[in-house]
Amino acid sequence: MSDTKPYIPESLQHIAIIMDGNGRWAQKRGKKRVMGHKAGMERAREMAEYCGEQGIKVLTLFVFSSENWKRPPEEVSFLMDLFATSLKNESKKLHKNNVKLIVIGDKSGFDKRLQKAIDKAEDLTKDNDGLLLQIAANYGGRWDIAQAATQLAQAGITEISEEMLSDKMVTAGINEPDLMIRTGGEKRISNFLIWQTAYSELYFSDALWPDFDSLELQTAIDDFAKRQRRFGQTGEQIS
Ligand code: IPE
Ligand code: IPE
Ligand code: MG
């Protein structure tokens, strides 16, 4: 790392990442796809450390989509085991680094053992006020909107405002992502935070996730720093 401090714009509070390309990374090396997930886990840890050090408030990592259950059963079960083990192995270190970890997604889809590991990690880190690390697992943007609408319907509310829906999303109370990154070369959202990224800046990298290091992240941040976010206004109004 260079000795000049990397520049983090003040307007960058929340980074969300679609960590894609693990399988291809492994296959390129003649390894099984799952080895890419293992390598990808190391990167996730590095990203959390970097964001914590740089004073980013929120990092949301997409680790398993509600559609990823459709993968071969061996891959799904490897991912579930990796998730449980990583929660166990990493939570103490995260806690020491003042990171608050929460899992966003439909937790009821996981087996009891994994649900317990999630509860334990969340409970251990719940009072930390450093980086908020949101792990999106069994998460789908459409599911999130539907579950928010269901909560309002169950409360008998029929006139629904945008704010009311936002307040029922799993991300309620959290600033929306300022920057959304997807690695792995694909240019799509794949049912990630579709509501919350309405005004996020998008950054696509061809790097496969296990190759995406903190320098690559800083390159994305530098790119974000050059952009003008207008939120519907004119450039003149903003500057
Ligand atoms: C992203 O990497 C991780 C998960 C979806 C769990 P992929 O496994 O999708 O990797 P590619 O896209 O097949 O290379
Ligand atoms: C998105 O990647 C989900 C995660 C990174 C967890 P996918 O690899 O599942 O997305 P598609 O299927 O290529 O759109
Ligand atoms: Mg993929």
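In what follows, every heavy atom counts, from backbone to side chain, and hydrogens, waters and symmetry copies are set aside. As the structure lists them, so they are numbered: ligands from 1, and atoms in each ligand from 1.
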Problem set entry | Closest non-hydrogen atom pair, Pro9 against Ile221 | CD-CG2, 3.8 Å
Exercise. Can you list the atoms of ligand 1 that are under 4.0 Å from a heavy atom of Val63?
Worked result: 6 (C)
Exercise. Going by atom types alone, do Trp69 and Asn138 pair a side-chain donor with an acceptor below 3.5 Å?
Worked result: yes
For this session: Check Met180 against Phe192 and note the closest heavy-atom contact, atom names and distance.
Result: SD-CD2, 3.6 Å
Exercise. Pick one: which of Thr171, Asn175, Thr60 meets side-chain hydrogen bond (donor to acceptor under 3.5 Å, both in side chains) with Gln196?
Worked result: Thr171
For this session: Go through the side-chain N and O atoms of Ser86 and Arg45 and say whether any donor and acceptor fall under 3.5 Å apart.
Result: no
Exercise. Can you find an N or O of Arg33 that's nearer than 3.5 Å to an N or O of ligand 1?
Worked result: yes
Exercise. Is the Mg ion (ligand 3) under 2.8 Å from any N, O or S atom of Glu186?
Worked result: no
Exercise. For atom 2 (O) of ligand 2, which candidate among Arg188, Arg182, Glu67 provides the closest heavy atom?
Worked result: Arg182
Problem set entry | Atom indices of ligand 1 within 4.0 angstrom of His37 heavy atoms, with elements | 3 (C), 6 (C), 8 (O)
Exercise. Between the side chains of Arg230 and Gln228, does any donor sit under 3.5 Å from an acceptor?
Worked result: yes
Exercise. Are there protein heavy-atom neighbours of atom 12 (O) of ligand 2 below 4.0 Å?
Worked result: no
Exercise. Considering only protein heavy atoms, which is closest to atom 10 (O) of ligand 1, and at what distance to one decimal place?
Worked result: Gly23 N, 2.9 Å
Exercise. Without hydrogens or angle criteria, can the side chains of Asn97 and Glu49 be said to hold a donor-acceptor pair below 3.5 Å?
Worked result: no
For this session: For atom 9 (O) of ligand 2, find the nearest protein heavy atom and state the residue, atom name and distance (0.1 Å precision).
Result: Asn68 ND2, 2.9 Å
For this session: Before signing off on this row, confirm whether Glu186 and ligand 2 have an N or O atom pair separated by under 3.5 Å.
Result: no
Problem set entry | Test: Arg43 and Asp211 ion pair at under 4.0 Å | no
Problem set entry | Side-chain touch Arg182/Ser190, heavy atoms, less than 4.5 angstrom | yes
Seminar exercise, completed: Here the N/O/S atom of Asp20 closest to the Mg ion (ligand 3) would be OD1
For this session: Using a 4.0 Å heavy-atom cut-off, say whether Phe64 meets ligand 2 through its side chain, its backbone, both or neither.
Result: backbone
Exercise. With atoms numbered from 1 as shown, which atoms in ligand 2 lie under 4.0 angstrom from a non-hydrogen atom of Phe62?
Worked result: 3 (C), 4 (C), 5 (C), 6 (C)
Problem set entry | Nearest protein heavy atom with distance in Å, relative to atom 14 (O) of ligand 2 | Ser190 OG, 2.6 Å
For this session: Mark the output for Gly21 as yes if a heavy-atom distance to ligand 1 is under 4.0 Å, and as no if none is.
Result: yes
Exercise. Any side-chain donor paired with an acceptor under 3.5 Å for Gln218 and Tyr50?
Worked result: yes
Problem set entry | Option set Glu75, Arg24, Arg71, criterion heavy-atom distance to atom 8 (O) of ligand 1, minimum | Arg71
Exercise. Got the closest protein heavy atom to atom 1 (C) of ligand 1, with its distance?
Worked result: Met19 O, 3.0 Å
